[in-house]
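Working notes for the structure below.
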Amino acid sequence: MRNQEIASIFYEIADLLEIKGELPFKVRAYRRAAQRIETLDGDIEDIYSEGKLREIPGIGEALAKKIGEIIETGRLEYLERLKKEVPEGVVRLMSIPGLGPRKTAVLYKKLGIKNIEELKKAAEQGKLRDLDGFGVITEKNILRGIEMLERSRDRVLLSMAFEDGSHLVDYLKGNRDVLNISIAGSLRRMKETIGDIDILVSSLKPEGIMDFFVKYQDVYQILVKGSTKTSVILRDGLQVDLRVVKPESFGAALQYFTGSKEHNIQIRNLAIKKGFKVNEYGVFEKDTEKYVAGKHEEEVYKAIGLQYIEPELRENRGEIELAQKNKLPRLIGYNEIKGDFHIHSNWSDGSASVEEIARFGEKLGYEFVGIADHSASLKVAYGLSEEKVMKKIKEIRRVQERFDIRILVGTECDIKPDGTMDYRDSVLKEFDFVYAAIHTRFKMSRREMTERIVKALENEYVNFLAHPTGRLIGRRDAYEVDVEKIIDAAKENNVFLEINAFPDRLDLNDVHAKMAKDKGVGMVIGTDAHSLDHLRFMRYGIAVARRGWLEKKDVLNTCSLNEIERTLLR
DNA sequence: GCCGTTTTCGGCCCGACTGTTTTCAGTCG
């Protein structure tokens, strides 16, 4: 699977061409192709060997040839040549806010600046202000941009942005002039990581709202402040953009600012074909400029002949084509989960007792909670020995008598390096359900790791595979594993793949979840909760499921207790 | 560099904000 590698090369070429001052459309062609390849369902090497590269939208003759060269030789002559013309550090200059390709090119050509260090020095010495298109303020802003870059983190986890965004929306609702309000941007699409928070408001008095916004207690710095757009940095480093539009444009603006960029470009192109113009103020007839729609987002899609597209689907992965045919999946809803299987109790490394978990589950309106503590060999997480776990099962059966909510007793049982399970079958058969999971020896070869997991899935007592790729967002890459083979093995053995909802896992991710769905594999969303609070992470797992086009029927824990008992209990 | 129920050549999404300019280019989303 070299999709990401090839996408990265194309992104790099796009940056280099941009600095060189190449045609913007050529630059865009490379970016579009990179984005396509990045989100491809299949393995690009397979597509190449089948001779079907040209069938990928955005891949023409020239790019197909380049992909072939990369696959065959492991390198790309064209990229090597570009890199000789523009040193590596110059590309990175563009990550400084306010520096785009044009100014970066001037810095390189006129002053020979090749990296951020040199740029900082030149700015401090006042050498930038006399360049064409630069001034004293630009110079100052560049210094501030460098400082921000050094201080700022990359993208943050969805959960953090979701919390910040929810609080801000509550705060803004306190202003009487706010008529309508919504989160927009990648946060509304519920991407796994978020770069900044976009909030959209409709109002007839924007200025007062902007003043109110910048007075929010967590605002650390104001970046820009206008009557329609204001951007701030919060104390935790996250940027927030607030846009204010008139009520008749709220739907169009929400559509526009929710993105993704690629989705919107397709929407606009489609609109043009049908004789309309779409912008953030509404849908207009192209010839007469007559306003057709814009107050509600649904109208915008309807006006250009499309079924409404849920925000989580708006990644230009084929959703527009399906919306034209009225064939979009009916996504699993945020309120359709009837229970959580992946909960750790204080029998192992969780903080809550089984009673507390049961009570909290009732509060959430669940029909069942599943206790899945670690198995014996995972000593760091107080994994339970076989004797202790038998005792636990008995005790929980007694706790059950005091509750209406069903307490299912399971385990998150380790898969040992040789693919056998950490508990003997005679123990496994005592549980209501069994999660298999990898927590050790992450650095096996791809083949060994795949075989190890497949062997575990073949165990007749294994129901679920927990966090199938083991990645920790921003901290640890997925282990080397053939996800497609895992999906096939899950199908073969009737095992459900987990979408782990813990914020830094979200594993399976959206792309793999869709792959599993397309192959007819069932999935289960588990929070991996280690405290009662964590049970609320369920929404992030549902978000991944929705981004993976999953419907209610694809997710086991949308089923009633009766159906689940029929499926699982032997 | 891609692409075609208006085109195999001539298009390619669109507007706000800033800083530089004195009517607009660059950047951003």
Side-chain angles (χ1 to χ4, degrees), chain A residues 10 13-14 17-19 21-36 53-67 78 93-107 128-142 144-145 184-189 194-200 206 210 222-231 239-245 249 252-253 255-284 286-287 304 316 324:
Chain A
F10 284 178
I13 290 174
L17 291 177
E18 209 167 25
I19 292 172
E22 265 283 5
L23 225 53
F25 303 110
K26 190 166 166 179
V27 173
R28 189 181 304 165
Y30 275 97
R31 295 229 166 93
R32 265 172 46 107
Q35 200 244 353
R36 274 288 174 181
L53 284 178
R54 296 288 302 274
E55 289 176 23
I56 303 171
I59 308 284
E61 195 185 338
L63 290 185
K65 200 160 153 251
K66 291 192 171 71
I67 293 170
Y78 182 55
L93 294 181
M94 284 204 295
S95 58
I96 298 165
L99 268 192
R102 287 322 226 296
K103 286 200 162 68
T104 301
V106 171
L107 289 171
L128 307 187
R129 59 186 67 176
D130 298 326
L131 293 169
D132 269 355
F134 288 65
V136 178
I137 298 176
T138 315
E139 193 173 81
K140 210 177 75 200
N141 283 346
I142 286 175
R144 210 177 68 175
S186 57
L187 180 53
R188 182 157 181 252
R189 303 200 312 278
I194 304 292
D196 58 24
I197 298 176
D198 293 292
I199 300 178
L200 181 71
M210 294 310 192
I222 301 168
L223 297 176
V224 297
K225 184 162 172 278
S227 63
T228 67
K229 176 186 169 177
T230 294
S231 297
Q239 180 173 332
V240 185
D241 296 341
L242 176 67
R243 322 260 178 167
V244 182
V245 297
S249 297
Q255 195 286 322
Y256 177 71
F257 290 119
T258 296
S260 64
K261 195 173 164 186
E262 293 299 322
H263 173 89
N264 283 355
I265 289 173
Q266 290 309 309
I267 290 289
R268 287 182 181 203
N269 282 332
L270 185 65
I272 290 169
K273 274 188 206 153
K274 302 207 170 192
F276 297 109
K277 184 180 82 168
V278 177
N279 60 27
E280 59 258 56
Y281 300 109
V283 181
F284 302 89
K286 201 159 57 174
D287 307 329
I304 55 176
N316 194 28
Q324 282 180 291

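Reminder, nothing fancy here: chain letters follow the sequence lines and each chain counts from 1.
With sequence neighbours left out, the salt bridge (Lys or Arg N to Asp or Glu O under 4.0 Å) criterion links E139(A) to R129(A). Partners of K103(A) by salt bridge (Lys or Arg N to Asp or Glu O under 4.0 Å), not counting sequence neighbours: none found. Evaluation of the salt bridge (Lys or Arg N to Asp or Glu O under 4.0 Å) rule for K26(A) yields E22(A) as partners, not counting sequence neighbours. Listed by chain and residue number, nothing satisfies the salt bridge (Lys or Arg N to Asp or Glu O under 4.0 Å) test with R32(A) (two or more places apart in sequence, or in another chain).
Comparing dG1(B) with dT5(B), their C1' atoms sit 24 Å apart, to the nearest whole Å. For the P atoms, the distance linking dC14(B) with dC9(B) amounts to 25 Å, nearest Å. Rounded to whole Å, the C1' atom of dC17(B) lies 25 Å from the corresponding atom of dC12(B). Taking atom C1' in both dT27(B) and dT20(B), the straight-line distance is 13 Å, to the nearest Å. When the P atom is compared between dT18(B) and dC13(B), the two are found 26 Å apart, to the nearest whole Å. Nucleotides dC2(B) and dT6(B) are separated by 23 Å at their P atoms, to the nearest Å. Atom name P, nucleotides dA16(B) and dT21(B): the rounded distance is 24 Å, in whole Å.
Side chains of M210(A) and S227(A) form no contact here, defined as non-hydrogen atoms less than 4.5 Å apart.
R102(A) has its CZ atom 18 Å from the P atom of dT20(B), to the nearest Å. Distance I142(A) CD1 to dC28(B) P: 11 Å, rounded to the nearest Å. Computed from coordinates, the R54(A) CZ to dC3(B) C1' distance equals 10 Å when rounded to whole Å. I137(A) has its CD1 atom 18 Å from the P atom of dG26(B), to the nearest Å. Note: NZ (K274(A)) to C1' (dT6(B)) measures 16 Å, nearest angstrom. Put simply, NZ on K286(A) is 13 Å from P on dG11(B), counting in whole angstrom units. If you take CG of L128(A) and C1' of dT20(B), they are 15 Å apart, rounded to a whole angstrom. Rounded to whole Å, the distance from CZ on R129(A) to P on dG19(B) is 15 Å.
Classification of dT6(B) as anti follows from a glycosidic angle more than 90° from 0.
Among the heavy atoms of the strands, none lies under 4.0 Å from P24(A). K66(A) comes within 4.0 angstrom of sugar-phosphate atoms only, judged by non-hydrogen atoms across all strands, and of no base. Within 4.0 Å (heavy atoms only), V106(A) reaches no atom of the nucleic acid at all.
Residues Y78(A) and Y30(A) come closest through the heavy atom pair CE2-OH, 3.4 Å. Pairing each heavy atom of G195(A) with each of S186(A), the nearest pair is N-OG, 4.4 Å. I194(A) and D196(A) get closest at one heavy-atom pair: CG2-O, 3.3 Å.
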Just the table, please: protein N/O against nucleotides 12-17 of chain B N/O, every pair under 3.5 Å.
{"residue": "dC13(B)", "atom": "OP1", "partner": "R28(A)", "partner atom": "NH1", "Å": "2.3"}
{"residue": "dC13(B)", "atom": "O2", "partner": "R268(A)", "partner atom": "NH1", "Å": "2.8"}
{"residue": "dC14(B)", "atom": "O4'", "partner": "R268(A)", "partner atom": "NH1", "Å": "2.3"}
{"residue": "dG15(B)", "atom": "OP1", "partner": "N279(A)", "partner atom": "ND2", "Å": "3.3"}
{"residue": "dA16(B)", "atom": "OP1", "partner": "Y281(A)", "partner atom": "OH", "Å": "2.6"}
{"residue": "dA16(B)", "atom": "O3'", "partner": "T228(A)", "partner atom": "OG1", "Å": "2.7"}
{"residue": "dC17(B)", "atom": "OP1", "partner": "T228(A)", "partner atom": "N", "Å": "3.2"}
{"residue": "dC17(B)", "atom": "OP1", "partner": "T228(A)", "partner atom": "OG1", "Å": "2.7"}
{"residue": "dC17(B)", "atom": "OP1", "partner": "K229(A)", "partner atom": "N", "Å": "3.2"}

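Closest-nucleotide positions on DNA chain B for K26(A) and M94(A) were compared, and the one nearer the 5' end corresponds to K26(A). For L99(A) and R32(A), each mapped to the nucleotide of DNA chain B holding its nearest heavy atom, the one lying further toward the 5' end belongs to R32(A).
Figure legend. dT8(B) is base-paired to no nucleotide; pairs are counted as Watson-Crick or G-U wobble with both atom distances under 3.5 Å.
Remark: N141(A) is in phosphate contact with dG19(B), judged by side-chain N or O atoms under 4.0 Å from OP1 or OP2.
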Which donor-acceptor pairs under 3.5 Å do side chains of residues 264-273 of chain A form with protein atoms, sequence neighbours excluded?
{"residue": "N264(A)", "atom": "OD1", "partner": "Q255(A)", "partner atom": "NE2", "Å": "3.1"}
{"residue": "N264(A)", "atom": "ND2", "partner": "Y256(A)", "partner atom": "O", "Å": "2.7"}
{"residue": "R268(A)", "atom": "NE", "partner": "V278(A)", "partner atom": "O", "Å": "3.3"}
{"residue": "N269(A)", "atom": "ND2", "partner": "I265(A)", "partner atom": "O", "Å": "3.3"}

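Set against dG29(B), dT27(B), dG1(B), the side chain of A29(A) has dG1(B) as its closest nucleotide.
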